[in-house]
Amino acid sequence: MPELPEVEVTRLSFAERIHGASVIGVRMGKPLRWPLGCEPASLVGTTVGPIARRGKYLWMPLGSGGLLMHLGMSGSLAFGPQALPAGAHDHFDLITTLGTLRLTDPRRFGAVVWSAGLAQDPAAKLLAGLGVEPFDAAFTGEYLYRALHRRRVAVKLALLSGSIVVGAGNIYACEALFRAGIDPRTRGDRVSRARCERLALAVRETLAEALTLGGSTLRDFRDAHGMSGAFQLQARVYDRAGMPCMVCATPIRRIVQGQRSSYFCPTCQRR
DNA sequence: AAGTGGACCTGCTAGC
DNA sequence: TGCTAGCAGGTCCACT
């Protein structure tokens with residue numbers, strides 16, 4: 001589920017409702033990717049500030065510090081008025097006066113980490129080195145060109161690394177490259193200025209569209225029923241190996257890059 | 001510095 | 001029908 005649009009939709013779904021709440025309890029399930037980094041009981045009595053997002057991380061100000069949260073590959077956050085019994089995959093509950101925020105994460109690649117202030121503790125390290133936000137004015141074609149110019153890796157991997165621009169995960173990176181007409185294997189330093197302009201635009205458009213449509217992605221689409229189908233981003237290439245390109249009918253190809261699947265149209269996307 | 005590959009953990013699906 | 005191998009939306013870390 002969680003690439004940037006899903007994380008942002010998650011943030012919007014509970015940020016205002018939890019703002020100002022006081023923590024009255026914490027329940028921990030199985031260990032997540034990293035330890036919480038503080039005594040859970042020490043969070044009791046703190047007040048929740050405005051939730052922010054940086055890349056695919058969420059930041060919740062809490063007392064003198066805050067919690068940095070990540071959904072990993074399979075995580076989701078739910079905020080409800082009352083705490084329901086915890087299921088096998090519910091690994092963190094923040095119980096507050098306004099409701100309970102619950103992290104559910106079957107694969108446990110997600111994390112909730114206490115940070116004393118995002119200055120120099122371990123949580124800060126997680127945010128260091130992140131690229132620009134895709135909707136930030138700093139993310140221009142020229143910026144992308146300069147960043148890619150120093151990279152010899154495939155442009156798809158450069159996008160995925162998050163060190164140039166954050167938020168485009170495997171699905172949206174594939175989709176953005178399709179929109180921009182760029183072969184995912186193209187070396188970063190071989191992407192022209194003009195194509196960088198198109199790519200920057202394509203990344204922003206792809207993420208923005210997914211965001212407006214509610215941020216859902218493909219696997220959820222299959223699992224969802226009824227009207228939820230109307231809110232899905234239609235993938236042009238992702239997970240469509242062998243199926244005809246929606247533009248030119250050439251069969252979509254699947255290749256492996258950095259141990260992850262890439263999908264592209266060999267006709268519409270060029271090196 | 002940049003690039004590569006392994007690691008973390010569980011659930012689902014295609015294929016035999 | 002039942003088992004197994006392979007695959008999955010992320011990203012850190014150690015090593016070259």
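Protein chains get the first letters and strands the later ones, always in sequence-line order, with residue 1 at the start of each.
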Exercise for review: If a pair satisfies salt bridge (charged side-chain N to carboxylate O under 4.0 Å, His left out) and one of its residues is in residues 134-143 of chain A, list it, with sequence neighbours excluded.
Suggested key: A:E142-A:R146, A:E142-A:R193

Exercise for review: Would you kindly compare A:Q259 and A:V153 by the position of their nearest DNA chain B nucleotide and give the one closer to the 5′ end?
Suggested key: A:V153

Practice item. For the pair A:Y263 and A:Y238, name the ring-plane relationship: parallel under 30°, tilted 30 to 60°, perpendicular over 60°. Key: perpendicular

Exercise for review: Measure the distance from CG on A:L126 to P on C:dT11 and round it to the nearest whole Å.
Suggested key: 10 Å

Practice item. May I have the distance from A:L159 (atom CG) to B:dA2 (atom C1'), rounded to whole angstrom? Key: 17 Å

Check your understanding: Mind checking the P distance from C:dG6 to B:dG6? Whole angstroms is fine.
Key -> 15 Å

Review point. Regarding A:S262 and A:Q257, is there a side-chain donor-to-acceptor distance under 3.5 Å anywhere?
Key: yes

Revision key, fill the gap. With both pairing distances under 3.5 angstrom for Watson-Crick or G-U wobble, and | for a partner in another strand, the correct string for DNA chain C is .|||||||.|||||||

Exercise for review: Drop me the distance from A:I51's CD1 to A:F79's CZ, to the nearest 0.5 angstrom.
Suggested key: 9.0 Å

Point to revise | Shortest side-chain distance from A:Y238, nucleotide among C:dC12, B:dG3, C:dA8 | key: C:dA8

Review point. Taking the side chain of A:M73 as heavy atoms from C-beta outward, which of B:dG3, C:dC12, C:dA8 is closest to it?
Key: C:dA8

Exercise for review: Would you indicate what A:R260 reaches in the nucleic acid, counting non-hydrogen atoms under 4.0 angstrom: base, sugar-phosphate, or nothing?
Suggested key: base

Practice item. Check every strand shown and say whether A:S161 touches a base, only sugar-phosphate, or nothing at a heavy-atom separation below 4.0 Å. Key: nothing

Can you pull every protein N or O that's under 3.5 Å from an N or O on nucleotides 9-12 of chain B?
| from | atom 1 | to | atom 2 | distance (Å) |
| --- | --- | --- | --- | --- |
| B:dC9 | O4' | A:R107 | O | 3.4 |
| B:dC9 | O3' | A:R108 | NH2 | 2.7 |
| B:dC9 | O2 | A:R107 | NE | 3.1 |
| B:dT10 | OP1 | A:R108 | NH2 | 2.5 |
| B:dG11 | OP1 | A:H89 | NE2 | 2.8 |

